[in-house]
Amino acid sequence: MAGFRDFLTRFRPAASPGRAAPGGVPADRSAELRAELAPPLALLEQAEAEARSIRERAADAAVSRRQEAERQAEAIVAEAREEARRVRARTAEHVLRAAEGEAAALRAAAEREATAVRERARTRMSPLADRVLALVLEDLAAEERSPPAPAPHRAPGCGGPREGGP
């Protein structure tokens, strides 16, 4: 349907009044607009197709980069785990060496202490043995000076040791 403006353009004077002008056909503005817009719209469709192609290539590139990044991340994690295992092994070795060194130092200190105790015992043993011997000799001498005490007399069968066997 033609617009009001198109309707009015039919009655517009084509030229100054004068001689009769040849007959004309009313202008078709919608056809003119279509003809005018066809090349830019075709370019726009071409641009849309190109943009669609670019987006598809970008999506493919993104998938490819994502997969490559995942492979790299897995390689980095595997390497980090291996490095962690090596670090744990080195640390355990250092701790073991330190513990062995500490144990050797403790063992040496204990041996020194045992040697010192044995030396003290050796130096103290002779005077103690002499003192014990002197005390024993005094007791023996005291027993020799005093008369032996009479043994208690027991009647046979009164709870004393049995004589003669069963």
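Scope of the values below: all heavy atoms of this structure, side chains included, with no hydrogens, waters or symmetry mates.
Nearest heavy-atom pair across T123 and R120 is OG1-O, 2.9 Å.
Note: L133 CG to R131 CZ = 13.0 Å, rounded to the nearest 0.5 Å. To the nearest 0.5 Å, atoms CZ (R145) and CD (E143) are separated by 10.5 Å. Here R57 contributes atom CZ and D60 contributes atom CG; the two are 9.5 Å apart, rounded to the nearest 0.5 Å. To the nearest 0.5 Å, the span separating CD on E113 from CZ on R118 amounts to 10.5 Å.
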Exercise. Taking it one step at a time, do R90 and E83 satisfy salt bridge (Lys or Arg N to Asp or Glu O under 4.0 Å)?
Worked result: CA-CA 10 Å; R90 280 195 311 264; E83 180 63 22; 3.8 Å; yes

Exercise. Hey, mind stepping through R122 and E119 against salt bridge (Lys or Arg N to Asp or Glu O under 4.0 Å) and telling me if it holds?
Worked result: CA-CA 5 Å; R122 190 179 58 75; E119 183 62 29; 2.3 Å; yes

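Transitive grouping of hydrophobic side chains (ILVMFWY, heavy atoms separated by less than 4.5 Å) keeps V117 and L128 in distinct clusters.
L135 places none of its side-chain heavy atoms less than 4.5 Å from the side chain of D139. Put simply, the side chain of R34 reaches to within 4.5 Å of the side chain of S30, judged on heavy atoms. Between E79 and I76, the closest side-chain pair of non-hydrogen atoms is not below 4.5 Å. Side-chain contact between R65 and E68 is absent, with no heavy atoms from C-beta onward closer than 4.5 Å.
A salt bridge is absent between R66 and E70: the closest approach of a Lys/Arg side-chain nitrogen to an acidic carboxylate oxygen does not fall below 4.0 angstrom. Taking 4.0 Å as the cut-off between side-chain N and carboxylate O, E93 and R97 count as a salt-bridged pair.
Residue E50 places its CD atom among 12 or fewer non-hydrogen atoms of other residues, nucleotides or ligands, all under 6.0 Å distant. The number of heavy atoms from other shown groups lying within 6.0 Å of CZ (R71) is above 12.
L41 forms part of a hydrophobic cluster together with L37, L44, judged by ILVMFWY side-chain heavy-atom separations under 4.5 Å.
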